[in-house]
2 protein chains.
Amino acid sequence: MAKPTVHDIAREAGVSLATVDRVLNGRPGVRANTIERVNDAVRSLGYVRDTYAANLARKTQYRFAFVLPDGDSQFVDTLKLALKEAMAAQLADRVFVKVVPVQVQDPHSVVRALNSLSAEHYDGVAIMAPETPQVRDAVARLKEAGLSVVALVSDLPTSGRDHFVGINNLSAGRTAGDLMGRFVGAIPGKVLIVTNSMLSRDSIERRLGFDEVMSERFDHLTILPTIESRGDPARMEAILLKAALAHPDLRGVYSMGPGNRPLIGALRRSGRIAELTVIVHELTPLTHQGLIDYEVDAVITQNVGHLVRSAMRVLRAKCDGVAIYEAQERIRIDIVLKENLPT
Amino acid sequence: MAKPTVHDIAREAGVSLATVDRVLNGRPGVRANTIERVNDAVRSLGYVRDTYAANLARKTQYRFAFVLPDGDSQFVDTLKLALKEAMAAQLADRVFVKVVPVQVQDPHSVVRALNSLSAEHYDGVAIMAPETPQVRDAVARLKEAGLSVVALVSDLPTSGRDHFVGINNLSAGRTAGDLMGRFVGAIPGKVLIVTNSMLSRDSIERRLGFDEVMSERFDHLTILPTIESRGDPARMEAILLKAALAHPDLRGVYSMGPGNRPLIGALRRSGRIAELTVIVHELTPLTHQGLIDYEVDAVITQNVGHLVRSAMRVLRAKCDGVAIYEAQERIRIDIVLKENLPT
DNA sequence: CATAAAATGAGGTACGCACCTCAGAAATCC
DNA sequence: GGATTTCTGAGGTGCGTACCTCATTTTATG
């Protein structure tokens with residue numbers, strides 16, 4: 001009835017504690033036959049290793065690196081803040097976290113950072129960086145070296161990462177489309193989409209989802225050509241202002257990525273921000289204030305606290321070789337309006 | 001640099017291990033003066049008890065009771081399901097949970113259940129039940145007996161409960177109002193509110209929030225007198241059907257509590273469900289399907305997984321006498337549309 | 001000041017596990 | 001069948017904590 005321990009397994013399998021230990025920890029010196037006996041006992045008794053006792057005995061720490069974009073992104077800042085909080089809370093749980101800042105626009109910077117993470121100093125890595133062939137290779141190398149790797153916010157499929165912690169961007173785009181269509185209402189008009197770059201996988205997926213919903217359910221709205229800022233706020237602001245003034249029947253603006261500051265600035269300058277339905281991504285101090293001021297109508301976001309905690313849980317589980325609790329690790333797409341802003 | 005242990009504290013405070021232990025575990029036989037010295041050492045070294053090692057040594061289980069409404073509420077069912085999953089995941093963490101079903105409409109049933117929970121068999125209790133004087137007293141008794149108590153979903157203020165795990169219902173109502181106003185659009189019309197009973201604290205608060213937002217921002221919409229089902233589905237269905245047919249300019253329906261099945265049934269029968277903006281609470285199989293079928297426009301919900309996990313974390317923290325990590329325990333108000341339904 | 005009472009120290013055991021050593025048993029090889 | 005190699009058992013130690021006992025010191029009490 002009580003939780004089975006290694007002693008119970010030893011008894012059940014008719015072997016000694018030492019042998020159970022060898023099997024459980026993959027140490028050599030056990031006949032295949034005996035290994036089977038032990039594993040059978042584990043299964044039949046439903047033994048699960050007490051990871052806390054194990055860590056206590058092993059006196060290890062989990063050493064994780066979080067590779068995050070450097071620079072002044074409010075989203076990354078809130079992410080870092082959440083990470084800091086989580087670290088404080090997890091300190092008791094033998095988790096050591098190091099933040100590694102990288103210049104995400106430069107794949108070499110990312111690769112250099114990843115290559116600097118050896119299995120000697122780290123047990124796992126969480127990476128938030130755009131998908132490039134170089135990064136994929138570097139991740140594969142980390143995996144090979146025995147590190148656990150999770151992709152954070154932005155997925156790195158085919159890189160061999162253990163897990164992706166983040167939202168489904170197709171659904172995020174569809175959600176934005178749903179809200180846009182409903183908020184704008186039945187009157188025909190135009191919708192503007194802005195992004196940093198249409199090359200990133202996230203933007204492509206969000207755009208795809210948005211388009212799907214618009215054509216399925218709101219075809220009285222016309223989508224204008226996408227505005228790409230390419231990381232240049234001034235450029236973004238200028239083009240946006242021009243577009244806002246050029247289309248008197250513009251009804252809504254959907255911003256798919258970072259760069260909400262120049263967006264809001266331009267819309268304000270155009271004098272039309274109040275009448276437009278503005279939907280952006282990621283809840284940050286800026287977008288939070290935007291909601292309060294009725295300048296932003298909806299924010300589609302992912303809870304940064306959940307992101308970092310999920311990343312840590314998954315990394316720990318991978319290190320322990322334990323199955324993850326899927327339902328808990330699914331990051332939801334949050335819709336935030338003025339009224340349900342978290343307090 | 002390394003994590004301080006009880007040994008470090010003993011050395012720092014200039015006392016023996018036994019004394020540190022007495023202080024940390026509140027055992028008697030230590031002079032006030034000495035207690036202070038130990039506590040100072042704890043503070044200055046930043047000692048945090050390793051709860052896992054502690055539990056290992058204490059070889060206790062956390063024994064929690066979840067007092068939940070009996071009967072066929074889909075919301076409670078999903079809550080129970082989440083509880084079951086959480087139990088499976090927490091089994092490794094020495095948590096034992098017992099579900100105690102009660103007839104919530106009968107305060108005596110609740111009180112009887114609560115009184116049956118002795119400190120001998122339980123360390124903490126999570127309660128989901130309406131607030132009545134009898135229940136308040138029973139909770140106070142539990143606290144007195146040394147149990148940790150959290151109110152779940154529905155708060156029990158002034159009962160002395162340690163914590164409330166659930167959403168802010170005023171904000172939930174405001175959020176519903178915000179969505180209703182935006183989804184319905186600029187055309188004047190009427191809005192219907194239905195609930196089980198306007199006597200429950202939750203309904204009152206949601207209604208208050210909804211009204212606030214409607215009068216602040218959407219005063220072209222008129223709110224019809226509230227329909228109360230009083231737990232009678234047939235009655236609800238009949239009144240609702242009548243109301244839906246009596247007001248051709250009805251634009252939206254807001255359901256504040258349980259009883260979504262007769263609601264949707266009546267609206268379907270009225271033939272107007274597609275044109276109405278329907279906003280309900282709690283994501284269940286029924287409302288999930290309603291979103292998919294375009295019968296329900298938005299669901300305002302709280303994540304049951306978070307609810308139970310938060311309740312467990314809080315109960316554990318209270319039992320350990322450890323501070324809770326506020327940010328993680330704040331239950332958000334989730335807005336679910338067809339497009340961001342969790343997969 | 002003697003004595004009882006309270007406070008403290010020293011030390012042990014246990015929890016479930018990892019990791020180590022060494023001796024002895026079993027299997028394999030020539 | 002003896003020598004060698006491969007397995008296995010018995011046992012110990014330590015991780016950070018709880019909880020227990022028993023002696024000893026300190027403090028309060030009459």
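Just so it is clear, the model here is predicted, and its values are computed rather than measured. Residue numbering restarts at 1 for every chain, and letters A, B, ... go by the order of the sequence lines.
- B:I35 has its CD1 atom 11 Å from the C1' atom of C:dA7, to the nearest Å.
- Spacing between atom CG of A:D50 and atom P of C:dC15 amounts to 13 Å, rounded to whole angstrom units.
- Salt bridge annotation for A:K318-A:D162: absent, with no cationic side-chain nitrogen under 4.0 angstrom from a carboxylate oxygen.
- A:S159 approaches A:R136 most closely through the heavy-atom pair CB-CG, 3.9 Å.
- With hydrogens and angles left out, the side-chain atoms of A:N168 and A:R332 include no donor and acceptor closer than 3.5 Å.
- In the model, A:N55 has no side-chain atom that pairs as donor or acceptor with a side-chain atom of B:Y52 under 3.5 Å.
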Can you check each nucleotide of nucleotides 18-23 of chain C against protein heavy atoms at under 4.0 Å and return B for base, S for sugar-phosphate only, - for none, in 5' to 3' order? BB-B--
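- Comparing A:S16 and B:L56, the nucleotide of DNA chain D nearest to each residue sits closer to the 5' end for A:S16.
- To the nearest angstrom, C1' of D:dC7 lies 16 Å from CG of A:L17.
- Whole-Å rounding puts the A:L45 CG to C:dG16 P distance at 14 Å.
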Show the numbers, then the answer: is there a side-chain hydrogen bond (donor to acceptor under 3.5 Å, both in side chains) between A:N25 and A:R49? CA-CA 11 Å; A:N25 294 293; A:R49 187 203 236 99; 2.7 Å; yes
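- At whole-Å resolution of the value, CZ in B:R11 and P in D:dG16 are 12 Å apart.
- Looking at A:T51, its side chain never comes within 3.5 Å of a backbone N or O of A:A54 through a donor-acceptor pair.
- The distance from the OG atom of A:S148 to the NE2 atom of A:H163 is 12.0 Å, given to the nearest 0.5 Å.
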I'd like to compare against my own output: the B/S/- annotation of nucleotides 25-30 of chain D with a strict under-4.0 Å heavy-atom distance to protein. --S---
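- Put simply, NE2 on A:H7 is 12 Å from P on D:dG11, counting in whole angstrom units.
- As judged by a 4.0 angstrom heavy-atom cut-off over every strand, A:G26 is placed among residues making no nucleic acid contact.
- Using a 4.0 Å cut-off between charged nitrogen and carboxylate oxygen, A:R11 and A:D8 count as a salt-bridge pair.
- Cation-pi geometry between B:R316 and B:Y62 is met: the NZ or CZ atom falls under 6.0 Å from the ring centre, inside 45° of the normal.
- OP1 or OP2 of C:dG16 has not a single side-chain nitrogen or oxygen of A:T5 nearer than 4.0 Å.
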